[in-house]
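Worksheet for the structure shown next.
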Amino acid sequence: MFKENNNDLMEKIVSLCKRRGFVFPGSEIYGGLAGTYDYGPYGSELAHNIKELWWKHFVKERDDIFGLTSATLMPEAVWKASGHLENFTDPLGDEKFNTMFKLKAGALKDETVTVYLRPELAQGMFINFKNVLDTMHPKLPFGLAQIGRAYRNEIAPRDFLFREREFDLMEFEYFVREKDWEKYFEMWRESMWDWIERVGIDKNIVHELEVTPKNRAHYSKRTIDFEFNYPFGRKELYGLAHRTDFDLQAHKLDYYDEETKESFVPHVIEPTFGHGRTMLAVLLSSYKEDGERVYLALKPEIAPVKIAVFPLLRNKSDLVNKAREIYKNLKKEFGAVEFDDRGNIGKRYYSQDEIGTPYCVTIDFDTLGENPELKDTVTVRDRDTGNQERIKIADLLEFFKTKAQS
Ligand code: GAP
């Protein structure tokens with residue numbers, strides 16, 4: 001069970017992530033680079049599935065949000081206008097330290113340009129506001145969403161995926177009329193809770209915090225943080241901000257209303273979701289110990305492996321052939337399916353539990369007809385209960401299709 005302020009739990013998660021190929025420290029064989037992490041095979045699947053689910057939740061299932069993918073390098077002019085050059089700072093002694101990574105693009109001296117690696121995705125969406133108006137002709141309210149890399153030269157990166165120097169963000173800007181901002185702020189607040197539940201973060205340990213004016217970002221008139229009880233304390237998971245018309249004003253952009261024949265500058269509601277923090281909160285929420293057994297109770301939709309298929313014994317070719325056949329059919333349908341014939345069944349279950357595989361299918365002698373009544377059936381074991389049921393091979397696809405939605 002999850003216990004607050006349980007540092008053991010953090011160590012267990014970090015160790016499981018390393019041992020099972022979820023997350024490795026960045027550049028490890030050269031001594032590592034603080035604040036960077038490399039995702040291994042299962043981590044990449046989990047990361048990808050979370051992004052895909054987010055895109056489904058906030059873009060594909062709606063008709064008022066458009067996707068965007070903007071460059072991660074942007075010139076100084078963008079950051080001057082957005083206020084980041086002046087305000088994107090952390091205190092360092094008596095000075096202010098700007099946490100944007102500054103680079104030079106180009107080789108020839110008189111042709112080099114000062115650029116910054118973006119610390120947030122939002123500016124990419126603001127500077128393309130006009131492009132989207134001209135190509136998609138959206139009516140207010142509408143949003144622009146993006147998933148991608150962000151970079152921050154954090155003075156003290158720490159707590160695993162919580163505070164990194166390079167991370168993915170999932171973020172959208174929702175453009176509204178000023179008079180409507182409160183209504184849409186509430187709408188997105190609710191939708192963020194739906195997301196928290198949908199991705200499998202334990203909502204009982206998420207709390208809203210009204211950010212005080214002193215602690216709000218320079219562009220915000222109202223911000224709510226969604227905080228999560230990490231083992232190292234209650235800290236920010238997500239943010240929801242009313243960015244006012246600050247950014248569009250800064251970039252001198254506006255919106256022409258066809259009906260009223262007026263131009264004005266829309267206001268912006270911005271829900272923002274750290275992807276690394278989502279990974280961490282999902283892992284912390286799903287980590288379970290049950291006697292000797294450790295399992296990740298991941299939602300099937302985001303689990304790196306959906307189904308594992310085992311022949312009871314690896315040295316019986318009839319079992320192995322049947323298992324291979326079933327594996328191939330399931331893989332064709334669900335993709336993320338594994339075949340395992342190593343060690344004994346108990347070890348294979350343990351291994352799949354640890355990476356959060358929701359179902360294991362075992363092909364045994366009854367499948368082959370040793371008990372005629374059970375011929376052409378397999379056992380399907382449920383990760384969370386450990387219970388097994390016998391399912392007809394002919395019904396397997398339908399069975400998992402139904403389960404995959406849950
Ligand atoms: N565009 C709004 C914005 O960037 P932010 O609160 O500065 O707001 C957005 O950052 C989200 O990014 C945070 O809610 C958090 O989830 C995540 N985040 C911020 N800094 C991070 C870091 N150093 N490492 C990992 N995630 C981070």
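Because only heavy atoms are used, hydrogens play no part in the values below, and waters and symmetry mates are left out as well, while side chains stay in. Atoms within each ligand, like the ligands themselves, are counted from 1 in listed order. As the structure is a prediction and not an experimental result, all values here were calculated from the model.
- With a 4.0 Å cut-off on non-hydrogen atoms, Q123 does not touch ligand 1 at all.
- Annotation: L237 places an N or O atom under 3.5 Å from an N or O atom of ligand 1; distance criterion only.
- Near Y238, the atoms of ligand 1 lying under 4.0 angstrom from a non-hydrogen atom of the residue are 14 (O).
- Atom 1 (N) of ligand 1 has its closest protein heavy atom at E120 OE1, 2.6 Å.
- The six-membered or imidazole ring of F175 lies away from that of Y255, with a centre-to-centre distance of 6.0 Å or more.
- Residue-ligand proximity, R163 to ligand 1, at heavy-atom distances under 4.0 Å covers atoms 22 (C), 23 (N), 24 (N).
- Aromatic ring centroids of Y116 and F101 lie 6.0 Å or more apart.
- Atom numbering of ligand 1 starts at 1 in the shown order; those under 4.0 Å from a heavy atom of T272 are 8 (O), 9 (C), 11 (C).
- Remark: ligand 1 atoms within the under-4.0 Å shell around heavy atoms of E164 are 22 (C), 23 (N), 24 (N), 25 (C).
- Side-chain rings of Y174 and Y184 approach one another, their centers coming within less than 6.0 Å.
- Taking the six-membered ring where the residue is Trp, the centroids of W79 and F88 are separated by 6.0 Å or more.
- When heavy-atom distances to ligand 1 are checked against a 4.0 Å cut-off, E270 comes that close only through its side chain, counted from C-beta outward.
- Below 4.0 Å from some heavy atom of E171 lie the following atoms of ligand 1, by number and element: 1 (N), 2 (C), 3 (C), 4 (O).
- The residue from R152, H275, E173 that puts a heavy atom closest to atom 7 (O) of ligand 1 is R152.
- For the pair R243 and ligand 1, a heavy-atom separation below 4.0 Å is found.
- Only the side chain of R277 comes within contact range of ligand 1, with a heavy atom under 4.0 Å; no backbone atom does.
- Counting non-hydrogen atoms of neighbouring residues, nucleotides and ligands closer than 6.0 angstrom, the CD atom of E197 reaches no more than 12 such neighbours.
- Taking the ring centroids of F162 and F160, they lie at or beyond the 6.0 Å cut-off.
- Residue L169 touches ligand 1 through its side chain alone, judged by heavy-atom distances below 4.0 Å.
- Taking the ring centroids of F400 and Y359, they lie under the 6.0 Å cut-off.
- Here the closest heavy-atom approach between residue S82 and residue H218 is recorded as O-NE2, 2.9 Å.
- The closest protein non-hydrogen atom to atom 17 (C) of ligand 1 is G274 CA, 3.7 Å.
- Salt bridge status for R163 with D159: absent, with no side-chain N to carboxylate O gap under 4.0 Å.
- Nearest heavy atom pair, residue L298 against residue G356, reads CD1-CA, 4.2 Å.
- Looking at Y219 against ligand 1, only its side chain comes within 4.0 Å, counting heavy atoms.
- For atom 14 (O) of ligand 1, the nearest protein heavy atom (residue, atom name, distance) is E236 OE2, 2.5 Å.
- By the 3.5 Å distance cut-off applied to N or O atoms, F162 is counted among the residues near ligand 1.
- Sparse packing is recorded around NZ of K18, with 12 or fewer heavy atoms of other residues, nucleotides or ligands lying under 6.0 Å away.
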